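Everything on this sheet refers to the single structure shown next.
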Amino acid sequence: MKLSIIIPAHNEAETIGPLVAELAGRFPDAELFVVDDASSDETAAVAAAAGATVLSNPYRLGNGASVKRGARAATGDLYVFLDADGQHRPEHITRLLAPLEDGYAMVVGARQPASQSSRLRWFGNSFYNKAASLLSGHPVLDLTSGFRAVRADLFRRFLYLLPNGFSYPTTITMAFLRSGFPVKFVYVDVSRSRGKSHIRPVRDGVRFLLIIFKMVTLYSPMKLFFPVSIAFLLTAAFYYSYTYITVNRFTNMGAALLIASVIVFMMGLVSEQLTALMYRDTDKD
């Protein structure tokens with residue numbers, strides 16, 4: 001099957017040349033795209049000299065936008081995505097491709113805990129992984145890894161969902177999991193990034209969480225609506241018991257909480273039906 005390798009890059013002139021050269025040597029028959037996100041250094045020229053097909057954004061669009069542009073230009077049956085900062089090792093690509101032959105739709109290169117750049121980053125990623133595992137019902141080992149191999153036809157189905165920023169791995173992972181496409185996580189060793197990280201922990205951390213909730217409500221709304229409904233119901237029961245014991249009556253607040261529980265539950269049911277109608281065309285494999 002034809003392979004397309006897509007590398008989003010921004011100001012990675014120091015690392016992109018050796019990376020492209022090694023990829024071209026290991027996978028001579030693969031398409032090799034570097035999507036330059038309006039770099040202020042020589043990233044585009046270095047990548048082109050090393051043998052990549054360079055797609056240059058006219059202005060800064062974001063990591064996700066670069067990924068989408070590369071996916072639209074690529075013609076391969078399989079896509080491989082990796083970062084341009086030198087942390088992902090080209091020799092591990094074969095480890096990601098092998099499970100695709102066994103029926104997996106996407107294989108993610110999961111970073112070992114010791115490979116995290118800082119304790120704060122490790123803690124944040126661990127939290128996102130556990131949240132995604134809980135909400136998707138599938139063990140998630142590395143939600144934010146940019147190193148992955150995927151079936152191109154399935155990936156293109158979700159291009160319209162992918163954000164333009166750095167949270168595209170979160171979105172595509174949750175989309176595949178909630179859609180029932182098999183995803184495999186393979187532990188890989190990563191090198192220390194030689195470039196400057198473009199991720200801001202607080203801003204992008206909140207964005208990752210919002211994306212997790214957005215994807216769950218998009219593909220399985222009752223995963224969120226039902227627990228919220230139960231929380232309102234239990235609160236209503238507790239509050240009613242409290243007011244009955246203390247003032248011997250059922251208050252307006254207790255009624256409001258009970259009504260809120262019913263409304264949230266019904267909204268969840270309606271959302272589930274809308275999701276089924278919206279998503280019926282993606283069941284074609």
Side-chain angles (χ1 to χ4, degrees), residues 1-8 15-16 18-35 50-53 67-68 70-116 125 129 132-133 136-159 162 168-193 282-285:
M1 301 180 75
K2 186 176 180 180
L3 175 65
S4 297
I5 301 174
I6 301 168
I7 309 172
T15 58
I16 194 65
L19 176 61
V20 169
E22 184 175 354
L23 288 169
R26 288 181 178 272
F27 304 96
D29 297 326
E31 289 183 327
L32 183 52
F33 291 94
V34 171
V35 185
T53 299
V67 165
K68 288 188 284 187
R72 293 188 183 107
T75 60
D77 303 295
L78 304 175
Y79 291 160
V80 169
F81 300 95
L82 69 162
D83 294 342
D85 56 8
Q87 65 172 311
H88 300 142
R89 302 180 183 179
E91 65 265 25
H92 289 157
I93 290 179
T94 53
R95 295 174 58 183
L96 302 185
L97 294 175
L100 295 179
E101 300 177 359
D102 297 328
Y104 284 95
M106 180 166 62
V107 184
V108 180
R111 292 161 290 187
Q112 300 276 6
S115 300
Q116 302 290 336
N125 286 338
N129 295 341
S133 299
S136 68
H138 187 282
V140 175
L141 300 183
D142 196 340
L143 183 64
T144 61
S145 173
F147 189 29
R148 59 190 61 218
V150 62
R151 283 178 49 184
D153 58 334
L154 298 182
F155 187 88
R156 287 194 294 267
R157 293 185 190 182
F158 299 101
L159 282 181
L162 302 186
Y168 105 84
T170 304
T171 303
I172 196 63
T173 301
M174 294 298 293
F176 268 59
L177 290 175
R178 295 309 307 155
S179 304
F181 294 127
V183 177
K184 185 179 181 65
F185 293 86
V186 177
Y187 277 120
V188 295
D189 296 322
V190 298
S191 304
R192 292 289 183 180
S193 172
T282 62
D283 291 332
K284 301 172 183 178
D285 194 357

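The structure displayed is predicted, hence computed values, not measured ones.
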Evaluate the ring planes of Phe147 and His88, with Trp represented by its six-membered ring, and classify them as parallel (under 30°), tilted (30 to 60°) or perpendicular (over 60°). parallel
For Thr173 and Arg148, does a side-chain donor sit closer than 3.5 Å to a side-chain acceptor? yes
If we only count heavy atoms from C-beta on, is the Val20 to Leu32 side-chain gap below 4.5 Å? yes
Exercise: identify the closest heavy-atom pair between Ser145 and Gly109: OG-O, 2.7 Å
Hey, what do you get for CZ (Phe176) to CZ (Arg151), rounding to the nearest 0.5 Å? 8.5 Å
N/O donor-acceptor pair under 3.5 Å between Asp85 side chain and Gln87 backbone: yes
Ignoring hydrogens, what is the shortest heavy-atom contact between Tyr104 and Val183? Give both atom names and the distance. CD2-C, 3.8 Å
Under 3.5 Å, is there a donor on one side chain and an acceptor on the other for Glu31 and Thr53? no
Over all heavy atoms of both residues, which pair between Arg95 and Tyr187 is shortest? Give the atoms and the distance, please. NH2-O, 2.7 Å
Minimal non-hydrogen separation, Gly76 against Ser4, with atom names: N-OG, 2.9 Å
About how many Å separate OG1 of Thr171 and CG of Leu159, when rounded to the nearest 0.5 Å? 12.0 Å
Spatial distance of atom CG (Leu97) from atom CG (Leu3) [nearest 0.5 Å]: 5.5 Å
Gly103 and Pro182: which non-hydrogen atoms are nearest, and at how many Å? O-CG, 3.4 Å
Do the non-hydrogen side-chain atoms of Phe81 and Leu96 ever get within less than 4.5 Å of each other? no
Side chain to side chain contact (heavy atoms under 4.5 Å, CB included), paired with Val107, selected from Val150, Leu100, Asp102, Ile93: Leu100
Using 0.5 Å steps for rounding, measure from the CG atom of Leu23 to the CD1 atom of Ile16. 8.5 Å
Between Ala73 and Phe33, which heavy-atom pair has the shortest distance, and what is it? O-CZ, 3.9 Å
Please report the interatomic distance CZ(Arg89) to CG(Leu82), rounded to the nearest 0.5 Å. 13.0 Å
Roughly how far apart are Leu143 CG and Phe185 CZ, rounded to 0.5 Å? 7.0 Å
Report yes if some heavy atom in the side chain of Arg111 is under 4.5 Å from a heavy atom in the side chain of Thr144; otherwise report no. yes
With a 4.5 Å cut-off on side-chain heavy atoms, are Tyr79 and Arg156 touching? yes
